[in-house]
2 protein chains.
Amino acid sequence: MVTIKDVAKKANVAVSTASYALNGVKKVSPKTKDKVLQAAKELNYRKNGFASDLKRASTKTLALILSDLSGPFYSELIRGVQDVATDHGYDLIACSAIGGENSTAAKFLTEHRVDGCIVLAHNITDEMLKDVAHHHFPIILLDREIEVDSTVHVKVDNKKGGFKATEYLIQNGHTDIAFVNGPSDSYDNQMRFAGYQEALQFYNIELQNKWMVSGNFTREGGESAANILAAQDQVPTAVFFANDEMAIGGMEAFKKRGMDIPDDISIIGFDDILEAKYVYPKLTTIRQPKYEMGASASHVIFQMLNNEKVNSTFELHTDLIIRDSVKKL
Amino acid sequence: MVTIKDVAKKANVAVSTASYALNGVKKVSPKTKDKVLQAAKELNYRKNGFASDLKRASTKTLALILSDLSGPFYSELIRGVQDVATDHGYDLIACSAIGGENSTAAKFLTEHRVDGCIVLAHNITDEMLKDVAHHHFPIILLDREIEVDSTVHVKVDNKKGGFKATEYLIQNGHTDIAFVNGPSDSYDNQMRFAGYQEALQFYNIELQNKWMVSGNFTREGGESAANILAAQDQVPTAVFFANDEMAIGGMEAFKKRGMDIPDDISIIGFDDILEAKYVYPKLTTIRQPKYEMGASASHVIFQMLNNEKVNSTFELHTDLIIRDSVKKL
DNA sequence: GTATTTCATCGAAACGTTTCGATGAAATCG
DNA sequence: CGATTTCATCGAAACGTTTCGATGAAATAC
């Protein structure tokens, strides 16, 4: 491996001078600068980023920790994060939390490899986050709340969203409303469910346990949830899926059984993912401001890096997006 | 920041001993090991990953360079890469190439921050890749071929795929077949188009320039391409979109104009993305073995890291997936 | 009881940078 | 011309690890 020493030697200058030249520090004369640059080029010199970061004690990089890297939901959120990071001259990398304690994400969280982290990964334990959170390492949590003072939460009012979704169904004449859960350890899911419960209670509708099924936030989970619901003796007239992925899988399953949407059964989802408006019928859902979530999270990190005082919680609101999957009164 | 020195001091051992203890090297006695671990815990010690990587001269990390981080197509491919990387005890990070020369991707490519790279990003120039490619830095290219001996290409026979798609349309009675291009600098697109051309020629059908439009591989691009085609005096009876994203956008646009798919116009895509089977009507398309692409790429990297001899090109095949968007004879 | 081996521990060097303070030459000034 | 400032360049220390070879104590062997 060719190092800066080799470059310096070739250019007949001191290592320090080479470093200055390479980094564009003004105090080096144009002539020697050229010499150094030329030598570097000839040797095909590549600086070692670690050595550099080690010395500088800053990485100019943010990590976005995702449960899986391969989920479709994140596009807009990532864009939000990325735009703001780029604006600040920072790099963004995404890493997966598959594997929990041994995951790439854990490595980046614990080993000072980035200047800050944005976490949206239910497979990272609260434990680990608490462990890692400390004053000069900003961590923004997008999917949970834990009580550590150095972390910041950007969240969406999932509960109100769940309420809105349920209320919309009720206002369109439904009383037999099923709820399809995501993973039980998901904070988002819990809140959406809470909103659902609250709406039922508010409108004096009894919650039916047989209509609580789970679908793990996946398309396949949604399909099987739908099948379970459809096979019951008493089939609900509307289903609130805790996310769009499941809703889309569920619609597919219902259609396969010959049920018409929304005539036989109404569907509402949550998230407003891109596909939502491309499926048939177009999915009515609750929109999360995903781009804004990403952008806010990223924004807060930079405030923290500048030692500014920040609120520990940011809450963004949701919108009901009315399309064609709910039968209207 | 608490360093290993602090830990060593607190535990009353030498720095080296602390390092051994922390890394689980056997030659340290259980008693001192405990002492060190205890001290580390009390001080909330986090090792500095850079210092460690710097000394070890290996990162145990692979980078997946994507044009955008927020594209939906990549899910399966990423899973393929990830599975194999994890099997080898390696971490995987994804980084975006937005910004070209100044992107995160460029930084990771040039600064020895990872042990190998998998590139699927048309916004990284050939120039830069050639510049960086050298013997101990494996680079796997998924979306282009350039003539540098230390890079490896994993590709799909896009041309044959393009041929198959077109042939299928022809065999179902179509002769008026439009082609919607992706970005002109995309190697994939060029090959798919070449396959299309070859099929037309093979079946003695003349290529019509008015039916070559472009859609930039995006949904919106597909919509506008469809609108352009539909507005012509002579509308084709079938459209081959160079990817599914565009096809889905296109179908939407055709439907909006009151055209029935496949009765009025047949559609075929390319990729077989997840949504393909959830849109209405289900999209007939050419499947790319995305998971296998990712897995092979990752596999090859490890062979290269072991200094094994590897082929410079791997070619995977495509399959025609027949669904409902092409009218059958 | 001496010679040898095993073993835990240690100190120091190394990884490749960046950056501080020093050095001396050239340029400026009166 | 001597004094002072400016400037390019340099050497050395530092960042936080890992790891080599050395050291001496304990354990084993004869």
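Below, chain A is the first sequence line, B the second, and so on; all start at residue 1.
Shown here, C:dA3 forms a base pair with D:dT28; the pair counts as Watson-Crick or G-U wobble because both key distances fall under 3.5 Å. In a base pair of the Watson-Crick type (N1 to N3 plus N6-O4 or O6-N4) or a G-U wobble (N1-O2 and O6-N3), with each distance short of 3.5 Å, D:dA22 is matched with C:dT9.
In this structure, a donor-acceptor pair under 3.5 Å is absent between the side chains of A:Ser16 and A:Ser19. For B:Asp53 and B:Thr59, the side-chain atoms include no donor-acceptor pair closer than 3.5 Å. A donor-acceptor contact closer than 3.5 angstrom is absent between the side chains of B:Thr151 and B:Lys130.
Ion pairing of B:Arg46 with A:Glu111 is absent here, as no side-chain N (NZ or NE/NH1/NH2) approaches a carboxylate O to less than 4.0 Å. Of the charged side-chain nitrogens involved, none lies within less than 4.0 Å of a carboxylate oxygen, so that B:Asp188 and B:Lys155 do not count as a salt-bridged pair.
If you check every strand for non-hydrogen atoms under 4.0 Å, A:Ser19 touches a base. Across all strands, B:Ser16 comes closer than 4.0 Å to base atoms (heavy-atom distances). Within 4.0 Å of A:Asp53, counting heavy atoms only, lies no atom of the nucleic acid at all. Among the heavy atoms of the strands lying under 4.0 Å from B:Tyr20 is at least one base atom, whether or not backbone atoms are also near.
Residues B:Arg56 and B:Lys27 both approach DNA chain D. Their nearest nucleotides, taken by heavy-atom distance, put B:Arg56 toward the 5′ side.
Ring geometry for A:Phe302 versus A:His88: interplanar angle under 30°, hence parallel rather than tilted (30 to 60°).
Within residues 1-14 of chain A, the residues approaching DNA chain D are A:Asn12, A:Val13, A:Ala14, by heavy-atom distance under 4.0 Å.
Cation-pi contact between B:Lys27 and B:Tyr20: present, with separation from the ring centre below 6.0 Å and deviation from the ring axis of at most 45°.
For B:Asp6, the side-chain contact (heavy atoms from CB on, under 4.5 Å) test picks out B:Val2, B:Thr3, B:Leu43, with sequence neighbours left out.
Between chain A and DNA chain C, the heavy-atom contact criterion of under 4.0 Å yields a 5' to 3' nucleotide range of C:dG16 to C:dC20.
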